Amino acid sequence: MDELMAQRARKIEEFRARGVDPYPPRVTRTHTAAEAVAAVEALPEGAGEADAGSVHVAGRVVARREMGKATFVDLQDASGRLQVLLRQNAVGPDDYSLFGLVDLGDYVGFEGTPMRTRTGQPTVGATSWVMLAKALHAPPEKYHGLADAEIRQRRRYLDLIANEQTREVFRIRSKAVAAIRRFLDSRDFLEVETPVLQEAAGGAAARPFVTHFNALEEDRFLRISLELHLKRLVVGGFDRVYELGRIFRNEGLGFRWNPEFTMLETYEAYSDYNGVADMVETMVSSVAQEVLGRTTVTWRDHEIDLAPPWHRLTMRDALLDHSGIDLFEVRTEAAMRTELTRRGVTAAPTSGYGKLVDEAVSHFVEPHLIQPTFLLDYPVELSPLAKRKPEDPRFVERFEVFIGGFELGNAYTELNDPIEQRARFEEQVRLKAAGDDEAELMDEDFLFALEHGMPPCGGFGMGIDRLVMVLTGQASIREVILFPQLRSQKG
RNA sequence: GGGCCCGUAGCUCAGCUGGAAGAGCAGUGGACUUUUAAUCCAUUGGUCCAGGGUUCGAAUCCCUGCGGGCCUACCA
């Protein structure tokens, strides 16, 4: 049935019949592809082939141009591509003909000398070659690459083989995460790890995934945020902590939503949401500078400048500007629902005041927040874990940060009054009973921690995937997650 | 969950109002010792996503299912 595969399998047998192991255990490699190219470029002007030392390179054969008794091979490794020239008079007729058994996708190694072709192309002139691993399937098409979105996501290895842009996105992601760690480490933040499996998933408004702990015969919930455990650590005296970890929200898929995603949360005692905003704009811009070499990015046709200072405006002003709704006056669920209805926005009947405000902001304000913007001071109903503004207790000291019209992160001056925190949880419990299945749960253990005293503290959370979308200009979160969630394939 | 679109060779795609399944790349055989989307000659390769229906006849039209994309909804 699969004739191409059968042909390749026969070549494996042919290698063995000619005394060659098609899957040898190791290889000598002295140079990556990029280093070999550099070795060529280091050659003095007019140097002959014999003047250069020998190099060993290894990689996947991604292109092959056969010209009788000479063959050009494009070898790809993690550092890039390298052209190798295999000539019969250099490797001998037996090894040259044996190379006929090599297909696109196979791994091979070459020993040879750095040289240039007639056109000046850096090349390794092979003096010998070894088989490293036979591929049973052909790689994707050499010119158009792999375009099918489903194959690209389900079989990311093929996408990585075929598309340099994909490789670059994930290199940038890795470098960005490393840069974030360096940034926080240099500011004396301690990186910690907290439980993924939790007795109650709190710290965010989201539905959790449920699993079962067999040994204890208890259900567990996959975490939906990092917040409540990290604050326990602040209580414990680790006054600058962060965690970079996977969280899980039982929600739908969309261009900026994947049910498991990577969250950064930071908590800094003796700071507040203003201090956090300063840190965030510095961190994101310096990560961009470090990883991209610039602070400007293009995202969905928008030119975005990440250099500080970022815009800061209150939610009240923003909503007033874009919708005419004044949060100082529209203070009840019924009034807000009326305002939304009047403007043609329909909200879920179970939404309380907080969710309606959120709806209004999502609809009228967020699409305008293209350049990095801190939206400040949220209604207390929307923020059960944040500290009230002393001058106006209807609002809390909280910001969400937006770039390109979507939310990138969230921060607040942490509520550290255990009595008020208990009252806020009780309100959430009431909302939950009224049908809001994303309301917070009472967390007695967390309250007990707060009752031991937590210093004033600024906390921050950011979706790493979304940051990488901005840094790489990718319009979909699936393009920045190596293996995004997809429906399982049946049959 | 709702709307629109897509599924044809290993890959990228064409196939019109129903009338003998195609191209390029990859593969196979051959020529070629400086090519680079190599070139030239010849050639293999199909569950047209699956199932059902309409029809003398279906890749094409209809229905259902599966998978995917975009939009939307849920979603701090």
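Heavy atoms only: backbone and side chains are in, while hydrogens, waters and symmetry mates are out. Naming: A, B, ... by sequence-line order, numbering from 1 per chain. What you see is a predicted model; the values in this text were computed from it and never measured.
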Rounded to whole angstroms, how far apart are [atom1] on [X] and [atom2] on [N]?
{"X": "A/R81", "N": "B/A37", "atom1": "CZ", "atom2": "P", "value": "10 Å"}
{"X": "A/E251", "N": "B/C75", "atom1": "CD", "atom2": "P", "value": "8 Å"}
{"X": "A/R256", "N": "B/C70", "atom1": "CZ", "atom2": "C1'", "value": "14 Å"}
{"X": "A/R154", "N": "B/G10", "atom1": "CZ", "atom2": "C1'", "value": "18 Å"}
{"X": "A/N250", "N": "B/G1", "atom1": "CG", "atom2": "P", "value": "13 Å"}
{"X": "A/H363", "N": "B/A73", "atom1": "NE2", "atom2": "C1'", "value": "12 Å"}
{"X": "A/E66", "N": "B/U36", "atom1": "CD", "atom2": "C1'", "value": "15 Å"}
{"X": "A/F406", "N": "B/C71", "atom1": "CZ", "atom2": "P", "value": "13 Å"}

### Task
Confirm from the modelled atom types if A/Q88 and B/U33 form a donor-acceptor pair under 3.5 Å, side chain to base only.
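Under the 3.5 Å cut-off, the side chain and the base do not form any donor-acceptor pair.
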Practice prompt. Look at the side chain of A/T119 against the base of B/U34 and say whether a donor-acceptor pair falls under 3.5 Å; ignore hydrogens and angles.
Written response: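 Check fails, no donor-acceptor contact within cut-off.
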From the set [options], return the single nucleotide nearest to any side-chain atom of [X].
{"X": "A/F255", "options": "B/U34, B/C71, B/C11", "value": "B/C71"}
{"X": "A/N89", "options": "B/C75, B/U35, B/U33", "value": "B/U33"}
{"X": "A/E150", "options": "B/U35, B/C32, B/G67", "value": "B/G67"}
{"X": "A/R300", "options": "B/C11, B/C71, B/U35", "value": "B/C71"}
{"X": "A/Q121", "options": "B/C11, B/U35, B/G45", "value": "B/U35"}

According to the Watson-Crick and G-U wobble definitions, with both distances under 3.5 Å, which nucleotide is paired to [N]?
{"N": "B/U60", "result": "none"}
{"N": "B/U43", "result": "B/G27"}
{"N": "B/A38", "result": "none"}
{"N": "B/G67", "result": "B/C6"}

Upstream residue (5' side of RNA chain B) when A/K69 and A/N410 are each assigned their closest nucleotide:
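With A/K69 and A/N410 compared, the 5'-side residue is A/K69.
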Both A/G120 and A/L146 contact RNA chain B. Which one's nearest nucleotide lies toward the 5' end?
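Closer to the 5' end of RNA chain B: A/L146.
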| request: Provide the closest heavy-atom pair for A/I481 versus A/E260 in the form atom of the first, atom of the second, distance. | output: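 That closest heavy-atom pairing would be CD1-O, 4.3 Å.
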Span that lies between the [atom1] atom of [M] and that of [N], in whole angstrom:
{"N": "B/C49", "M": "B/C13", "atom1": "P", "result": "15 Å"}
{"N": "B/A38", "M": "B/U33", "atom1": "C1'", "result": "14 Å"}
{"N": "B/A59", "M": "B/U8", "atom1": "P", "result": "15 Å"}
{"N": "B/G57", "M": "B/G52", "atom1": "P", "result": "15 Å"}
{"N": "B/C48", "M": "B/A58", "atom1": "P", "result": "13 Å"}
{"N": "B/A20", "M": "B/C5", "atom1": "C1'", "result": "31 Å"}
{"N": "B/U17", "M": "B/U55", "atom1": "C1'", "result": "16 Å"}
{"N": "B/G22", "M": "B/C63", "atom1": "P", "result": "29 Å"}

Quick one: does A/D103's side chain get under 4.5 Å of A/Q7's, heavy atoms only?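 No - every pair of side-chain heavy atoms lies 4.5 Å or more apart.
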Exercise. Is A/E164 close to A/E168 at the side-chain level, that is, under 4.5 Å between some pair of heavy atoms?
Worked result: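 Side chain of A/E168 against side chain of A/E164, heavy atoms only: contact under 4.5 Å found.
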Query raised in the report: Counting only N and O atoms by type, is there a donor-acceptor contact under 3.5 Å from the side chain of A/E400 to the main-chain atoms of A/L408?
Result: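 Side chain of A/E400 to backbone of A/L408, a donor-acceptor pair under 3.5 Å: no, none is there.
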Tell me, please, whether A/F261 has A/R223 positioned over its six-membered ring: NZ or CZ under 6.0 Å from the ring centre and within 45 degrees of its axis?
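No cation-pi geometry.
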Determine the contact category for [X]: base if any of its heavy atoms lies under 4.0 Å from a base atom, sugar-phosphate if only primed atoms, P, OP1 or OP2 are that close, otherwise nothing.
{"X": "A/G354", "result": "nothing"}
{"X": "A/P384", "result": "base"}
{"X": "A/I151", "result": "sugar-phosphate"}

Please state whether the phosphate of [N], meaning OP1 or OP2, lies under 4.0 angstrom from any side-chain nitrogen or oxygen of [X].
{"X": "A/R65", "N": "B/A38", "answer": "yes"}
{"X": "A/R207", "N": "B/C75", "answer": "no"}
{"X": "A/K355", "N": "B/C75", "answer": "yes"}

- Task: Mark yes when over 12 heavy atoms from residues, nucleotides or ligands other than A/Q165 sit less than 6.0 Å from its CD; otherwise mark no.
- Result: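 Count not over threshold, so no.
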Once base and sugar-phosphate atoms are separated, protein heavy atoms under 4.0 Å mark nucleotides 22-29 of chain B, 5' to 3', with B, S and - as --BBSSS-
Tabulate below the donor-acceptor pairs under 3.5 Å that side-chain atoms of residues 458-470 of chain A make, not counting sequence neighbours, or state none.
| residue | atom | partner | partner atom | Å |
| --- | --- | --- | --- | --- |
| A/D465 | OD1 | A/T262 | N | 2.8 |
| A/D465 | OD2 | A/R173 | NH1 | 2.9 |
| A/D465 | OD2 | A/R173 | NH2 | 3.1 |
| A/R466 | NE | A/R256 | O | 3.2 |
| A/R466 | NH1 | A/E407 | O | 2.7 |
| A/R466 | NH2 | A/R256 | O | 3.1 |

(request) Could you label the plane-to-plane angle of the A/F99 and A/W129 rings as parallel, tilted or perpendicular, counting under 30° as parallel and over 60° as perpendicular? (result)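 Taking A/W129 first and then A/F99, their aromatic rings stand perpendicular (interplane angle over 60°).
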* Once you round to the nearest 0.5 Å, how far does CZ of A/R155 lie from CG of A/D159? ->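 These two atoms lie 13.0 Å from each other.
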**Asked** Hey, mind stepping through A/D77 and A/Y107 against side chain to side chain donor-acceptor pair (under 3.5 Å) and telling me if it holds?
**Response** CA-CA 10 Å; A/D77 69 13; A/Y107 276 89; over 6 Å; no
